[in-house]
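This report concerns only the one structure given below.
Along the sequence shown, residues are numbered consecutively beginning with 1. Computed over heavy atoms, backbone and side chain alike; hydrogens, waters and symmetry mates excluded. Each ligand, and each atom within it, is numbered from 1 in the order the structure gives.
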Amino acid sequence: MRFLVFLEHHEGKLQKDSLGLLSRAVSLGDAEAVVLGSGVAELAAEAGRFGAQRVHVDDDVLLDRPLPQPRVDALQALLEDERFDAVLFAASVLSADVAAALAARLDAGLNYDLTDLAVEDGKLVGKRPALGDSVYVDVGWSSEPRLALIRSGTFEPKEVGGSAEVAQFESRFQDFSLAATMVEQAHEESEGPSIEDADVIVAAGRGLGGPDNFGLVEELAKALGGAVAATRAVVDAGWYPYPTQVGQTGKTVSPKLYVAVGISGAIQHKVGMQSSGLIVAINKDPNAPIFEYADLGVVGDLHEIVPKLTELVRARKAA
Ligand SMILES: Cc1cc2nc3c(=O)[nH]c(=O)nc-3n(C[C@H](O)[C@H](O)[C@H](O)COP(=O)(O)OP(=O)(O)OC[C@H]3O[C@@H](n4cnc5c(N)ncnc54)[C@H](O)[C@@H]3O)c2cc1C
């Protein structure tokens with residue numbers, strides 16, 4: 001099966017979600033990649049290290065800004081010349097725009113919000129949560145090319161050390177595709193790793209009791225070198241910013257360590273963090289659902305446990 005993985009990049013680096021998806025495609029069949037942008041030729045080598053056999057590159061100043069329509073033109077041009085069984089996108093605002101517009105342009109089927117991909121009896125099958133994330137369903141495609149948008153944080157990149165053949169191509173841009181211009185791109189200032197990239201996440205739930213108590217989890221996260229995340233109940237209450245929400249309607253994360261503090265562990269939260277390496281839960285209710293899937297559970301008051309844990313981590317690090 002021949003896959004094309006759309007690789008997103010930012011500030012000269014390929015994005016982790018794109019590389020994770022590439023690694024998954026490598027495990028399923030012949031994986032090629034496409035990199036679009038301006039001054040991006042050297043990114044092809046990086047994709048080779050993650051197992052891409054061939055990297056299609058359109059290096060064009062008209063692709064400089066992260067706008068969707070010129071990318072749709074470029075992908076359409078590539079797909080007119082080359083046949084792929086599936087075109088895969090790691091979910092982001094840009095990729096979602098590009099995938100949806102490409103599906104409309106090619107009259108192709110797009111399955112979105114996938115949390116896994118498999119090849120079964122020679123057919124590509126997507127896995128996605130349904131019915132409020134209470135069940136997983138298999139989805140397929142009835143036409144080609146099969147387009148798929150994968151949830152952020154689903155696959156870990158695996159470096160395999162290969163090198164890719166680079167295939168340069170050029171696109172013809174439609175006038176309407178160049179009509180939009182980007183006036184400004186602003187980045188939110190934040191300290192420490194983002195929850196998508198962090199190896200350690202300390203996540204807080206309503207059990208924290210109020211926004212003023214976030215210092216407790218921030219201190220623990222700082223001591224562990226991690227990032228702070230939150231449940232929907234917390235962000236809906238305005239205690240912490242929306243970009244930190246983990247779960248069905250938030251982000252999917254897979255850190256090495258996930259410390260859940262005062263979180264009940266609802267299914268909608270679980271789907272966003274269940275692939276974490278080690279899950280530690282601190283909750284005063286021994287019957288909280290989080291204990292059903294935590295690797296390590298501490299039953300007790302977080303206001304007593306978290307400061308002691310932070311102290312202990314700091315002492316161990318200093319030793
Ligand atoms: C369509 C839909 C989508 C949703 N999407 C998401 C999503 O993306 N992410 C998400 O998180 N939720 C989501 N939810 C909400 C989800 O169902 C839960 O309501 C939410 O996750 C609960 O958040 P919580 O664990 O912070 O709060 P609660 O369920 O209120 O749990 C608080 C926990 O803190 C414990 N606690 C209280 N005091 C202490 C203390 N002093 N010390 C220790 N423990 C204490 C309690 O025992 C309790 O278990 C969604 C719901 C729906 C219907």
Side-chain angles (χ1 to χ4, degrees), residues 17 90-93 96 112-116 127-137 149-154 194-196 198 200-221 224 226-255 257-276 279-313:
D17 277 341
S92 70
V93 173
Y112 64 96
D113 204 22
L114 301 187
T115 52
D116 201 2
K127 315 271 175 185
R128 76 187 300 277
L131 300 177
D133 282 2
S134 57
V135 291
Y136 282 88
V137 294
L149 198 55
I150 317 297
R151 259 194 203 186
S152 168
T154 298
S194 70
I195 61 168
E196 291 99 323
V200 177
I201 289 180
V202 181
R206 197 149 42 188
L208 211 53
D212 297 342
N213 294 330
F214 258 89
L216 284 177
V217 281
E218 284 170 346
E219 287 301 310
L220 178 57
L224 290 166
V228 175
T231 64
R232 174 157 161 184
V234 159
V235 301
D236 276 352
W239 295 1
Y240 224 58
Y242 270 104
T244 61
Q245 184 190 322
V246 167
Q248 179 190 336
T249 40
K251 289 181 178 146
T252 304
V253 295
S254 49
L257 171 64
Y258 190 93
V259 186
V261 179
I263 292 178
S264 58
I267 178 80
Q268 294 89 354
H269 187 76
K270 181 184 175 189
V271 293
M273 45 67 82
Q274 61 191 346
S275 56
S276 303
I279 299 172
V280 177
I282 302 169
N283 197 305
K284 68 176 185 186
D285 175 5
N287 297 316
I290 190 114
F291 290 130
E292 287 164 22
Y293 54 95
D295 299 293
L296 189 72
V298 184
V299 179
D301 186 347
L302 67 89
H303 299 279
E304 282 173 29
I305 295 162
V306 175
K308 281 187 186 152
L309 188 55
T310 307
E311 227 172 88
L312 204 66
V313 172

Could you grab the distance from atom NZ of Lys284 to atom CD of Glu304, nearest 0.5 Å is fine?
11.0 Å

Please identify which atoms of ligand 1 are closer than 4.0 Å to at least one heavy atom of Gly247.
7 (C), 8 (O), 9 (N)

Got a second to check how far Leu208's CG is from Asn213's CG, nearest 0.5 Å?
5.0 Å

State which residues pass side-chain hydrogen bond (donor to acceptor under 3.5 Å, both in side chains) with Ser275; sequence neighbours excluded, sorted by chain then number.
none

Would you mind running through ligand 1 and noting each atom that sits below 4.0 Å from a heavy atom of Asp301?
40 (C), 41 (N), 42 (N)

Check whether any N or O atom of Ala266, backbone or side chain, sits under 3.5 Å from an N or O atom of ligand 1, and answer yes or no.
no

Under 4.0 Å from a heavy atom of Arg206: which atoms of ligand 1 are those, numbered in the order shown and with their elements?
24 (P), 26 (O), 27 (O), 28 (P), 30 (O)

Which atoms of ligand 1 are found less than 4.0 Å from any heavy atom of Gln245?
6 (C), 7 (C), 8 (O), 9 (N)

Flag the pair Arg151 and Asp113 as a salt bridge only when some basic side-chain nitrogen lies within less than 4.0 angstrom of an acidic carboxylate oxygen.
yes

Thr115 side chain to Arg128 side chain, donor-acceptor N/O pair below 3.5 angstrom
no

Would you compute the distance between atom CD1 of Ile279 and atom CE of Met273 and round it to the nearest 0.5 angstrom?
4.0 Å

Looking at non-hydrogen atoms alone, which of Ala203, Ser264, Ala288 comes nearest to atom 28 (P) of ligand 1?
Ser264

What residues, two or more places apart in sequence or in another chain, satisfy ring pair (Phe, Tyr, Trp, His ring centres under 6.0 Å) together with Phe291?
none

Among Asp285, Asn213, Asn283, the residue with a heavy atom nearest to atom 46 (C) of ligand 1 is Asn283

Taking 4.0 angstrom as the limit and counting only heavy atoms of Gly205, give me the atoms of ligand 1 inside it, by number and element.
26 (O)

Parallel, tilted or perpendicular, as decided by the 30° and 60° cut-offs, for the rings of His269 and Tyr258:
tilted

Backbone N or O of Ile150 within a donor-acceptor pair of the Thr154 side chain at under 3.5 Å?
no

Test your reading of the structure: does Gly262 have an N or O sitting under 3.5 Å from an N or O of ligand 1?
yes

Are any of the heavy atoms in Gly300 under 4.0 Å away from ligand 1?
yes

As an exercise, identify every atom of ligand 1 less than 4.0 angstrom from a heavy atom of His303.
41 (N)

Proximal atoms of ligand 1 relative to Val246 (non-hydrogen, under 4.0 Å):
7 (C), 8 (O), 9 (N), 10 (C), 11 (O)

Using a 4.0 Å cut-off to any heavy atom of Gly250, which atoms of ligand 1 qualify?
8 (O)

